[in-house]
Amino acid sequence: MTAELVRGQNHTLPQTRLEIRISAGAPVVAGATLGDEHGTVHGVERIAHPGSPQLPGLEVSRQAAAEHRLAVDLDALPDGVHRVTVLLALPLEAGGPARFGAVAAPFVAVTGLEGAEIATFTLTGLDSESAVAALELYRRQGAWKVRAVGQGYAGGLAAMLADQGVDRAAELAGSIQEAVARGLARSVSPPPPRTPDGDRVRHPAGPAPAQGGGQPPVGQPPVGQPAARQPEAPSAVPSGPIDYAHPRRQSAAPPPPPPAAPPAGPGQPAVPVAGDATGWSMDERLYNQIWGMFEDLARATAAYRSAVDFAESRMDQELERTLSDPRSRIGGAGDLAREQARAKRDELTGRAREALDRDLAQLAAESAVVEPALPAPYAGWDNPVWHAYRVPMEIPMALRIGDLHLPESAALRIPLLVRLPLERGIWIDSGRTASEAAALTDGDQLHRLAMESAVLHAARLLAVYPAGEFSVHVIDPAGSASAALAPLVRSGVLAGPPASGAGGVSSVLAQLTRRVDLVQMAIRAGAADSLPPDLDPAEQLLIVNDFPHGFDDRAVNQLRYLADEGPSVGVHLLVVADREDASAFGPVLDPLWRSLLRITPIADDHLADPWVGHAWTYEPLTTPPGSRVLELVLAQVAAARRGGPR
């Protein structure tokens, strides 16, 4: 039976290989310290955190997330370790909660590798604390136990580490938060939460989160996630002042999903159906279904990897026990023991792979049904839906910016969708030092691919917005991207010619900075209808090529301002840059990079999921060779902007 612990209560652990599962009401930093019999931590090498996630016998998550899985092997801990303390802290990100009292109570479960819960603990009663020692695993008279702690610290991570005897605790806490902040640029926004009974929820509820990169509490849609929407009255006509703030979603639950298809036969899974998630519309149902597939693939792969690790560890332990006995070295006993250990390892691994293959087959069947049913904003450029493209009358829920896959299932691609309006800018990394794949690519070719990718993203954004409701500006200081920008320039969909030279950079930045300032002042004053008549009310996208070349200190500060303040009033960034080129600015640009979602022009495994931290391979979207789909779509967008036939 599962032991439901209260603060201070303990419970004996029946095994030494464990998982600690954490579910919180907002993204949290998870870590663990290894202490002696008095709980003192002797050095930073005894602390596992996102910047140093692995220690002997212990592995924690590499980023802040609302759900974590920590792996613990008590037998593999270093000598002298008598206590493992699991720590939770709120990340220091703008707009995020500053205290645990503002979010739902974190829940911690200690489980075996097979998933059975051994003990659980809900951390209630927290208020002003921003860090908490959740629970500890401790050794008493040769046996390991778990104790529910729940000790909070209003002084944050630094105060908690200092309480455990860590030297220079404030400096270490700062480095941990810095490691978390660096992970923001490579993280995928989490999908909708689960219901209390563990079923997948393919719709969130609640009002939209505040701007600023923080994650909302449970029950509210995270950044980039769907939300329940009341259907609009068909006869409604917009009137009154323009609302430049991001739309707030209704808290009412959407209708239930359509009935599932009957099973294919006795004991067989149900036949996949496109749009079987909940939502107000088919687009919303498909969106939620895709996020559900993403979560299913992440968790199925995590279970497989955990089982393989367990099989390998068990084989190593059996071989160590056998070879430590001198009698096994006589005759063929040692060889027989090795064969038996390897056979058992292969059996366990084979069973895990069979389970994974079953899950993959079901997901592949679902993908085969869902992909052809996707609307244009969710579809790849090779989807026939683009051949019937017409300029839409309303903004869609989300936009596809690429595909994701894992090594165990390279053929199964999950669309990467981001919510609209964009609440986070995008950085397309054109640097050769970004990854091994980039290092093998010629620098000029990599930069060309990065700009071509930027053009495709801009074209998709133009295509999914109603006519006149999205404008694109380009800064190309040296004019080096003229070839890649040709489709946008020839079609006439840009707000103006690409800006070049110091004067062009200054002019575009001044124009967009003025727009942000005026709209913010109008919103604060409640006078959105008094904006100047020359102000473009459309959403704005600024493509910046080859940043920071052509940018002086003032221009850099203006771009940082647009990245921080622009999304809430409809100004968004798409930056093409090599971060190494910005090294001359020092750390001044670090906040800018962290605020952007980093993607690559070639396949690269740099994105992490919010549950178990898998390194997902991102595949950028490309048009089919020889296809004219981009030109045809842009031609329709241009005609609609001119008021011509669509």
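Reckoned from all heavy atoms, side chains included, excluding hydrogens, waters and symmetry mates.
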Can you pull out every side-chain hydrogen bond (donor to acceptor under 3.5 Å, both in side chains) where at least one residue sits in [range]? Sequence neighbours excluded, please.
range	value
residues 482-493	none
residues 372-384	none
residues 555-565	D517-Y561, Q520-Y561, Q520-E565

How about [X] and [Y]: do any of their side-chain heavy atoms sit closer than 4.5 Å?
X	Y	value
R432	E580	no
L542	L559	yes
H447	S480	yes
P567	H572	yes
M293	S367	yes
L416	L607	yes
L494	V489	yes

Report the distance from atom [atom1] of [X] to atom [atom2] of [Y], rounding to the nearest 0.5 Å.
X	Y	atom1	atom2	value
L535	Q511	CG	CD	9.0 Å
T617	D403	OG1	CG	11.5 Å
R594	L589	CZ	CG	11.0 Å
F551	F585	CZ	CZ	9.0 Å
N288	D283	CG	CG	11.0 Å
R554	T513	CZ	OG1	8.0 Å

Could you pull out the closest heavy-atom pair between [X] and [Y], with the gap in Å?
X	Y	value
L630	P487	CD2-CB, 3.9 Å
N545	D476	ND2-OD1, 2.7 Å
I290	I414	O-CG2, 4.0 Å
A438	G431	CB-O, 3.4 Å
L406	A615	CD2-O, 3.9 Å
I395	P421	CD1-N, 4.2 Å

Please name all residues satisfying side-chain contact (heavy atoms from CB on, under 4.5 Å) with [X], sequence neighbours left out, ordered by chain then number.
X	answer
P497	none
D581	P548, H549, D578
D534	R514, P532
D442	D444, Q445

Check residues 461-472 and write down every donor-acceptor pair under 3.5 Å in which the side-chain atom is one partner and the other belongs to a residue at least two apart or another chain.
{"unit_1": "S471", "atom_1": "OG", "unit_2": "D536", "atom_2": "OD2", "d": "2.8"}

Task: R641 (side chain) donor-acceptor with G492 (main chain) under 3.5 angstrom - done: no
Open item on the list: Between Q289 and G275 (side chain of the first, backbone of the second, donor and acceptor by atom type, cut-off under 3.5 Å), is there such a pair?
Closed with: yes
Open item on the list: Can you list everything that forms a salt bridge (Lys or Arg N to Asp or Glu O under 4.0 Å) with D429? Sequence neighbours excluded, please.
Closed with: R598
- [ ] Name all residues meeting the salt bridge (Lys or Arg N to Asp or Glu O under 4.0 Å) criterion together with D590; count only those two or more places apart in sequence or in a different chain, and write none if there are none.
- [x] R579
Open item on the list: Quick one, L592 with V556, criterion side chain to side chain contact (heavy atoms under 4.5 Å, CB included). Give me CA distance, side-chain angles, the key distance, then yes/no.
Closed with: CA-CA 10 Å; L592 173 63; V556 167; over 6 Å; no
Under 3.5 Å, sequence neighbours excluded: what are the donor-acceptor pairs made by side chains of residues 618-626?
{"unit_1": "Y618", "atom_1": "OH", "unit_2": "I401", "atom_2": "O", "d": "2.6"}
{"unit_1": "E619", "atom_1": "OE2", "unit_2": "H405", "atom_2": "NE2", "d": "3.4"}

- [ ] For I428 and I426, run side chain to side chain contact (heavy atoms under 4.5 Å, CB included): C-alpha distance rounded to whole Å, both residues' side-chain angles, the deciding distance at 0.1 Å, then the answer.
- [x] CA-CA 6 Å; I428 303 179; I426 297 175; 4.3 Å; yes
Open item on the list: The test is side chain to side chain contact (heavy atoms under 4.5 Å, CB included); show your working for W427 and I599 and say whether it passes.
Closed with: CA-CA 6 Å; W427 163 34; I599 59 176; over 6 Å; no
For residues 369-376, dump all side-chain donor-acceptor pairs below 3.5 Å to protein atoms at least two apart in sequence or in another chain.
{"unit_1": "E371", "atom_1": "OE2", "unit_2": "R400", "atom_2": "NH1", "d": "2.7"}

- [ ] On the 0 to 90° scale, with breaks at 30° and 60°, tag the Y389-W386 ring pair as parallel, tilted or perpendicular.
- [x] tilted
Open item on the list: Quick one, I475 with L509, criterion side chain to side chain contact (heavy atoms under 4.5 Å, CB included). Give me CA distance, side-chain angles, the key distance, then yes/no.
Closed with: CA-CA 9 Å; I475 289 179; L509 291 177; 4.1 Å; yes
